[in-house]
Amino acid sequence: QVQLVESGGGLVQSGGSLRLSCVASTSISSLYIMGWYRQAPGKQRELAAGITSSGTTNYADSVKGRFTISRDNAKNTVYLQMNSLKPEDTAVYYCNAKRAFPVTNYWGQGTQVTVSS
């Protein structure tokens with residue numbers, strides 16, 4: 001079983017920055033995709049950013065140019081740097097990992113990000 005622990009959420013004013021961290025209980029080299037999903041009140045969960053084991057990244061159109069996802073294999077950690085935050089970014093952010101062999105999906109407990117206007 002893989003455990004994912006998020007941290008770094010909080011309250012920030014519009015235009016500010018936050019850095020989220022997700023620490024895995026196993027080597028992240030065994031997890032072929034890791035990403036950050038978010039769920040705002042009254043909305044479905046959506047993918048904000050993802051990164052493969054080879055370093056390929058993808059982003060939701062709404063966060064391109066503002067968010068950066070990265071991974072540090074030595075620390076078993078994935079990061080989400082969020083800049084120029086907007087009130088519409090307010091959501092619970094969840095770390096997600098997918099293992100290829102066998103095919104398995106893992107979720108963290110979530111961390112709250114609140115952006116005030």
Side-chain angles (χ1 to χ4, degrees):
Q1 193 68 249
V2 175
Q3 293 182 325
L4 305 173
V5 180
E6 303 105 325
S7 62
L11 176 64
V12 65
Q13 67 181 25
S14 181
S17 298
L18 286 173
R19 190 191 194 197
L20 306 183
S21 299
C22 173
V23 180
S25 62
T26 190
S27 172
I28 61 173
S29 63
S30 67
L31 307 170
Y32 81 98
I33 296 178
M34 298 193 71
W36 290 93
Y37 287 74
R38 64 184 185 180
Q39 187 167 22
K43 297 184 178 180
Q44 293 186 329
R45 191 172 300 182
E46 65 173 356
L47 177 67
I51 185 168
T52 70
S53 58
S54 63
T56 301
T57 59
N58 67 284
Y59 299 91
D61 289 341
S62 59
V63 309
K64 286 182 179 178
R66 300 188 298 119
F67 291 11
T68 303
I69 188 170
S70 61
R71 61 193 296 164
D72 187 333
N73 290 345
K75 297 180 179 179
N76 293 339
T77 302
V78 173
Y79 304 96
L80 185 67
Q81 179 67 47
M82 304 185 294
N83 299 325
S84 301
L85 284 163
K86 306 173 181 179
E88 64 199 62
D89 295 319
T90 295
V92 178
Y93 285 71
Y94 297 91
C95 184
N96 172 263
K98 294 179 174 62
R99 172 173 274 162
F101 307 104
V103 177
T104 315
N105 199 47
Y106 303 98
W107 292 95
Q109 82 286 349
T111 185
Q112 176 71 48
V113 172
T114 302
V115 184
S116 65
S117 59

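What's counted below: heavy atoms across the whole structure, side chains too, no hydrogens, waters or symmetry copies.
With contacts defined as side-chain heavy-atom distances shorter than 4.5 Å, the pair L47/N58 qualifies. At least one side-chain heavy atom of T90 sits under 4.5 Å from a side-chain heavy atom of Q112. The shortest side-chain heavy-atom distance between M82 and R66 does not fall under the 4.5 Å cut-off. In this structure, the side chains of V78 and S70 stay at 4.5 Å or more apart for every pair of heavy atoms. Side chains of T104 and V2 form no contact here, defined as non-hydrogen atoms less than 4.5 Å apart. Counting heavy atoms from C-beta on, the side chains of W36 and C95 come closer than 4.5 Å.
Taken to the nearest 0.5 Å, the OG1 atom of T68 stands 8.0 Å off from the CG atom of L80. Expressed to the nearest 0.5 Å, how far CG of L11 lies from CD of Q13 amounts to 9.0 Å. Within the model, atoms OG1 of T57 and CZ of R71 stand 11.5 Å from one another, a figure rounded to the nearest 0.5 Å. Going from atom OG1 of T77 over to atom CG of L20 covers 12.5 Å, rounded to the nearest 0.5 Å. Here the CE-CG distance, from M34 to N76, works out to 8.5 Å after rounding to the nearest 0.5 Å.
One hydrophobic cluster holds both V12 and V63 under the rule that ILVMFWY side chains link at heavy-atom gaps under 4.5 Å. A chain of hydrophobic side-chain contacts below 4.5 Å, direct or via other Ile, Leu, Val, Met, Phe, Trp or Tyr residues, connects I69 to L85. Side-chain heavy atoms closer than 4.5 Å link hydrophobic residues (I, L, V, M, F, W, Y) into clusters, and following such links, possibly through other members, connects V92 to Y37.
Taking the ring axis of Y79 as reference, the NZ or CZ atom of R19 stays within 45° of it and closer than 6.0 Å to the ring centre.
For the pair A97 and L31, the tightest heavy-atom approach, listed with the atom from each and the gap, is CB-CD1, 3.8 Å. When all heavy atoms of S62 and R38 are compared, the closest pair comes out as OG-NH2, 3.3 Å. Closest approach of L4 and A24 over heavy atoms only: CD2-CB, 3.8 Å. Across all their heavy atoms, R99 and S30 have their closest contact at NH2-OG, 3.4 Å. The two atoms that bring S14 and S117 nearest to each other are CB-CA, 4.3 Å, heavy atoms only.
The aromatic rings of F67 and Y93 sit tilted, their planes meeting at an angle between 30° and 60°.
The backbone N or O of Q109 lies less than 3.5 Å from a partner atom in the side chain of E6, making a donor-acceptor pair. Put simply, the side chain of N83 never gets that close to the backbone of G16: no donor and acceptor are under 3.5 Å apart.
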Evaluate salt bridge (Lys or Arg N to Asp or Glu O under 4.0 Å) for D89 paired with K86, printing each intermediate quantity in order.
CA-CA 5 Å; D89 295 319; K86 306 173 181 179; over 6 Å; no
